[in-house]
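First the structure, in the form of structure tokens, and then the observations on it.
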Amino acid sequence: MTKHVLIEQMRDLIEHGKANTMRHADEVIRVPAASYTDPENFEREKKQVFRRLPLMLAPSCELPEPGSYKTMEVADVPVLLTRKKDGSVGAYLNSCTHRGNPVAQGSGKASRFVCGYHGWTFRNDGALLGVGYGRDFGDINKAENCLYSFPVLEQAGLIWAILDPESKLDIRHFLCGYDDMLAHFGLKDWHLFASRELVGPNWKVAYDGYLDFYHLPVLHAETFGRNFPNRAHFYAWGPHQRVVTPLTVFSFPNSEQKVDLTELGEDEWPDEALQSGVWTIFPHISIAGFDGGGVRGMLLSQLLPGDDVDTSITRQYYLMEREPETEDAKQGAHAQFEFLEHVVANEDYATGIRQQKALKAGLMKEVYFGRNEGGGQAFHQWLARVLETPDDELDDLFVQPLAAE
């Protein structure tokens, strides 16, 4: 596995922690303010980013057993995810091949889906089983009229799909070995405790915050950030990043327990320390560790464009290493999830909505990302690259050697 990469990064973090330093980007960069507010640019992003790149659409534990399914809308595309009979995952256009009506709603468990318009029936692997009143309808090739299938990959306890049935992009190329790093969390065996949706500002305004520790002791001074270091290192696997602060002492989430990493051997460094920070999956996922009710947890945030340039939708998943067994543990997990909702909705996104409104006035021509904001710089540079890359060159953009075993 790739645990040695985490150990190497921890050595780097400790050295900078000892010296009270951080690694800086080469220069301050500027991003056009209109990139956050221009409706035409927003439509281009939906088409060129969210409908061309692999998107992390669900944690594996959201589809826990054969027959499990969920529906969602992503960049105006209706999507149906299913856990098939053989345990694999399918991703389909949620649209009957007769006249386009969605064949499923919400989430649940089903072995087949019946279109509510004319009664066409599909198996949960997308196969067309029956045509409503088929004798009257006429001849049709069922094999040629299955649900449109999207490329899909389930890896490291997460499910990716590309919302283009004709895409030639290799999802493993796109991940650049990052899935090997995410596998260290063991999320495939975790428990989905709760989820919810939040409305936020423009998707890039919201995502900038997930890559930014600079704001923590200022914006979050009254909740958790007053004594939180505002320096962060950024480790990259292609466009995907780990954002983590230099440190010598690791504090366990929601606990008084601390360990001085400099006094421990490398084989004694706790997994929580080795996996600390915020793990972002380009272009729209953030994963961060927490501890509710004494059980290790993760907040997985899935950020998608909203109905217009000014809005986004975030699906927050609270994942737990195991299902809480006591009432106290359940209450602790609920309290943690509610606290995270307050921080994100009332501090991060409330600020982002005000920011979006000010930018939309059109008087600011550009915004800045400092030398201490390397993660945000990298995100916008990768975004620009993706927008400029034609379909037939997209796979080459991400091909690089996978992390060493």
Side-chain angles (χ1 to χ4, degrees), residues 54-74 77-134 137 139-172 174-175 179 182-183 185-195 285 300 302 315 317 319-323:
L55 303 177
M56 202 299 294
L57 296 185
S60 295
C61 55
E62 193 175 13
L63 302 176
E65 57 189 352
S68 299
Y69 75 90
K70 67 172 284 191
T71 62
M72 60 194 305
E73 186 171 302
V74 183
V77 177
V79 178
L80 170 63
L81 291 179
T82 70
R83 177 78 65 187
K84 295 184 283 187
K85 186 176 181 179
D86 64 2
S88 65
V89 171
Y92 308 98
L93 181 66
N94 186 15
S95 183
C96 179
T97 49
H98 172 215
R99 297 268 280 280
N101 186 58
V103 300
Q105 293 80 39
S107 61
K109 189 174 180 181
S111 60
R112 59 185 60 188
F113 302 100
V114 180
C115 176
Y117 195 4
H118 297 96
W120 284 35
T121 302
F122 299 83
R123 209 163 53 205
N124 82 338
D125 63 1
L128 175 58
L129 288 177
V131 173
Y133 301 96
F137 184 86
D139 293 336
I140 187 170
N141 188 324
K142 291 181 182 177
E144 293 178 355
N145 286 276
C146 301
L147 296 178
Y148 287 16
S149 178
F150 297 128
V152 64
L153 173 71
E154 183 171 23
Q155 194 79 3
L158 302 171
I159 299 167
W160 283 267
I162 304 175
L163 303 186
D164 175 5
E166 307 302 322
S167 176
K168 300 299 188 291
L169 175 59
D170 187 315
I171 299 178
R172 288 301 304 274
F174 166 77
L175 291 174
D179 51 324
L182 296 172
F185 291 107
L187 294 178
K188 66 183 182 68
D189 299 317
W190 282 40
H191 169 71
L192 175 56
F193 179 74
S195 65
I285 298 294
L300 189 155
Q302 178 190 71
R315 187 72 176 176
Y317 297 91
L319 310 178
M320 303 185 74
E321 194 168 27
R322 62 182 183 276
E323 186 174 1

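The figures that follow rest on heavy atoms only: side chains count, while hydrogens, waters and symmetry mates do not. We're numbering straight along the sequence, starting at 1. Computed from a predicted structure; not experimentally measured.
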TODO: Please round to the nearest 0.5 Å and tell me the distance separating atom OG of S60 and atom CG of L187.
DONE: 8.5 Å
Task: Shortest non-hydrogen contact from N101 toward G116 - done: ND2-N, 3.9 Å
Open item on the list: Between R172 and D179 (salt bridge meaning N to carboxylate O under 4.0 Å), is one present in this structure?
Closed with: yes
Open item on the list: Show the nearest heavy-atom pair for residues P78 and L93, with the distance to one decimal.
Closed with: O-CD1, 3.4 Å
Open item on the list: Working to the nearest 0.5 angstrom, can you tell me the gap between I162 CD1 and K168 NZ?
Closed with: 10.5 Å
TODO: Kindly indicate whether the side chain of E62, heavy atoms from C-beta on, has any atom under 4.5 Å from the side chain of I159.
DONE: no
- [ ] Kindly assign one of parallel, tilted or perpendicular to the pair F137 and W120, based on the angle between their ring planes and the thresholds 30° and 60°.
- [x] perpendicular
Open item on the list: For the CG atom of L80 and the NZ atom of K70, what is their distance to the nearest 0.5 Å?
Closed with: 11.0 Å
TODO: List the steps, then state whether side chain to side chain contact (heavy atoms under 4.5 Å, CB included) holds for L153 with L175.
DONE: CA-CA 11 Å; L153 173 71; L175 291 174; 4.0 Å; yes
Open item on the list: Minimum heavy-atom separation for A104 and Y69, please, with both atom names.
Closed with: CB-CE1, 4.3 Å
- [ ] Go through the structure and list residues passing ring pair (Phe, Tyr, Trp, His ring centres under 6.0 Å) with Y92, not counting sequence neighbours.
- [x] none
Task: Neighbour count above 12 (heavy atom, 6.0 Å) for R315 CZ - done: yes
Task: Min side-chain heavy-atom separation V89-T82 under 4.5 Å - done: no
- [ ] Calculate, to the nearest 0.5 Å, the distance between atoms CD and CZ belonging to E166 and F150 respectively.
- [x] 10.5 Å
Open item on the list: Would the distance check show the side chain of R83 and the main-chain N or O of S68 forming a donor-acceptor pair, the cut-off being under 3.5 Å?
Closed with: no
Open item on the list: To check you understand the geometry: which heavy-atom pair defines the closest contact between S95 and L147, and what is its length?
Closed with: O-CD2, 3.6 Å
- [ ] Quick one: pull up CG in L129 and CZ in F122 and give me the separation to the nearest 0.5 Å.
- [x] 9.0 Å
TODO: Using atom types as modelled and distance alone, determine if a side-chain donor or acceptor of Q302 lies under 3.5 Å from a backbone N or O of L57.
DONE: yes
- [ ] To the nearest 0.5 angstrom, please state how far the OG atom of S107 sits from the CG atom of L63.
- [x] 9.0 Å
- [ ] Evaluate the side chain to side chain contact (heavy atoms under 4.5 Å, CB included) criterion for residues F113 and N94: first the C-alpha distance (whole Å), next the side-chain angles of each, then the deciding distance (0.1 Å), finally the verdict.
- [x] CA-CA 10 Å; F113 302 100; N94 186 15; over 6 Å; no
Task: Shortest non-hydrogen contact from P59 toward L158 - done: CA-CD2, 4.1 Å
Open item on the list: Looking at every non-hydrogen atom in both residues, tell me the closest pair between P64 and C61 and how far apart they are.
Closed with: CD-O, 3.7 Å
